Asker: 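Mind having a look at this structure? Questions to follow.
Throughout, protein chains are lettered first and strands after them, A, B, ... in sequence-line order, and every chain is numbered starting at 1. Just so it is clear, the values below take in all heavy atoms, side chains as well, and ignore hydrogens, waters and symmetry mates. In this text the structure is predicted, and so the values were computed from the model without any measurement.
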Number of protein chains: 2
Amino acid sequence: MTSEALARALNTNPVVVRRLMGGLREHGYVHSEKGHGGGWTLSCQLDRVTLRDIYEALDAPRLFAIGNRSEKTECLVEEAVNDAMSGVLADATAQLLARFGQITLAALHADFHQRLAARHAPATLCK
Amino acid sequence: MTSEALARALNTNPVVVRRLMGGLREHGYVHSEKGHGGGWTLSCQLDRVTLRDIYEALDAPRLFAIGNRSEKTECLVEEAVNDAMSGVLADATAQLLARFGQITLAALHADFHQRLAARHAPATLCK
DNA sequence: TCTCATGTAACTTCATGTGTTGCTAGAGTG
DNA sequence: CACTCTAGCAACACATGAAGTTACATGAGA
């Protein structure tokens with residue numbers, strides 16, 4: 001499948017797709033080929049890859065919208081608050097990643113097919 | 001203490017301070033007075049207010065940097081992923097708020113004083 | 001009446017993520 | 001060999017939301 005087609009399905013731009021897929025390729029989850037007839041192909045087993053793997057392949061973007069204004073500070077109040085927050089956020093991060101680590105692409109795939117069957121529609125891309 | 005002084009201590013602007021403190025005032029955590037000699041005064045017991053209370057008084061801003069692109073979608077793949085993510089994020093939110101709910105301002109206050117003692121310095125504002 | 005404070009709306013700035021353009025390089029086709 | 005189709009990539013443009021700023025109104029002492 002080409003970046004072009006994926007972009008249409010995702011309502012976005014081919015370049016954005018390539019940017020994202022680049023991370024997945026580096027980790028061997030997908031393979032890309034240039035030129036005529038090229039595009040992207042899956043190169044992993046869906047039950048061996050989790051949302052956590054995807055997240056990490058995508059360079060582990062920021063998870064939280066909140067956080068310390070600065071890691072280093074002279075202010076003892078800020079220091080106390082930072083310490084409290086850091087602990088909580090670290091734990092939350094660990095919990096999130098653990099949960100993501102339990103969700104395989106195979107599970108999502110199965111879920112998708114179940115929804116598809118419920119809708120009595122043929123399997124096509126959204127757009 | 002005036003918004004002006006707080007802003008200096010926080011390296012920010014008096015108006016930003018007022019915006020934030022406004023939420024705290026509405027919940028009765030602080031009290032403000034206009035005019036000469038006015039400013040902000042604490043009006044709660046530190047051991048009765050938690051970070052969670054503060055968070056909610058501040059109108060519960062977004063916690064996560066990640067999330068569904070759209071709640072409603074025609075795309076069954078997106079739907080499956082959204083469902084998986086929503087569950088995880090809801091749990092993480094609950095966990096975070098629970099943790100914040102256990103951290104009282106009194107605890108932070110005590111932590112601050114401990115750091116202060118360790119530094120053998122008098123208690124002053126950062127700036 | 002003057003000064004000092006908050007209250008608030010409107011605007012500006014900044015950071016970040018997303019989208020876009022333009023170009024390069026590789027790979028099949030005629 | 002020229003052409004077309006594809007990814008790769010850098011550079012730029014745009015959108016969004018948070019933070020900061022300005023300007024002015026209001027209230028409260030001095």
Asker: Report each atom pair, protein N/O against N/O of nucleotides 27-30 of chain D, whose distance is under 3.5 angstrom.
Answerer:
{"from": "D:dG27", "atom 1": "O4'", "to": "B:Lys34", "atom 2": "NZ", "distance (Å)": "3.4"}
{"from": "D:dG27", "atom 1": "N2", "to": "B:Gly35", "atom 2": "N", "distance (Å)": "2.8"}

Asker: Rounded to the Å, how far apart are B:Met1 CE and C:dC4 C1'?
Answerer: 16 Å

Asker: Indicate, with a heavy-atom threshold strictly under 4.0 Å, whether B:Gly39 touches base, sugar-phosphate, or nothing.
Answerer: sugar-phosphate

Asker: In whole angstroms, how far is the P atom of C:dC14 from the CZ atom of A:Arg69?
Answerer: 15 Å

Asker: Looking at B:Ile54 and B:Val49, what are the two nearest heavy atoms and their distance?
Answerer: CD1-CG1, 4.0 Å

Asker: With sequence neighbours excluded, what pairs up with B:Phe64 under the ring pair (Phe, Tyr, Trp, His ring centres under 6.0 Å) test?
Answerer: A:Phe64

Asker: Side-chain N or O of A:Thr2 versus OP1/OP2 of D:dT6: is the shortest distance under 4.0 Å?
Answerer: no

Asker: If the condition is ring pair (Phe, Tyr, Trp, His ring centres under 6.0 Å), which residues does B:His31 pass it with, not counting sequence neighbours?
Answerer: none

Asker: A:Val88 versus A:Met85: any side-chain heavy-atom pair under 4.5 Å?
Answerer: no

Asker: Is there a side-chain contact between B:Thr2 and B:Trp40 in this structure, where contact means two heavy atoms from C-beta onward sitting under 4.5 Å apart?
Answerer: no

Asker: Output yes when at least one side-chain N/O atom of A:Ser32 is less than 4.0 Å from OP1 or OP2 of D:dA7, else no.
Answerer: no

Asker: What heavy-atom pair brings B:Ala92 and A:Leu96 nearest, and what distance separates the two atoms?
Answerer: CB-CD2, 3.8 Å

Asker: Output the residues of residues 13-24 of chain A in contact with DNA chain C, where contact means a heavy atom of the residue under 4.0 Å from an atom of the strand; sort by number or write none.
Answerer: A:Asn13, A:Val15, A:Val16, A:Arg19

Asker: Whole angstroms only, please: what is the CZ-P distance between A:Phe64 and D:dA18?
Answerer: 17 Å

Asker: Go through the structure and list residues passing side-chain hydrogen bond (donor to acceptor under 3.5 Å, both in side chains) with A:Arg115, not counting sequence neighbours.
Answerer: A:Asp111, B:Glu79, B:Asp83

Asker: Of all residues at least two apart in sequence or in a different chain, which pass the side-chain hydrogen bond (donor to acceptor under 3.5 Å, both in side chains) check with A:Gln95?
Answerer: none

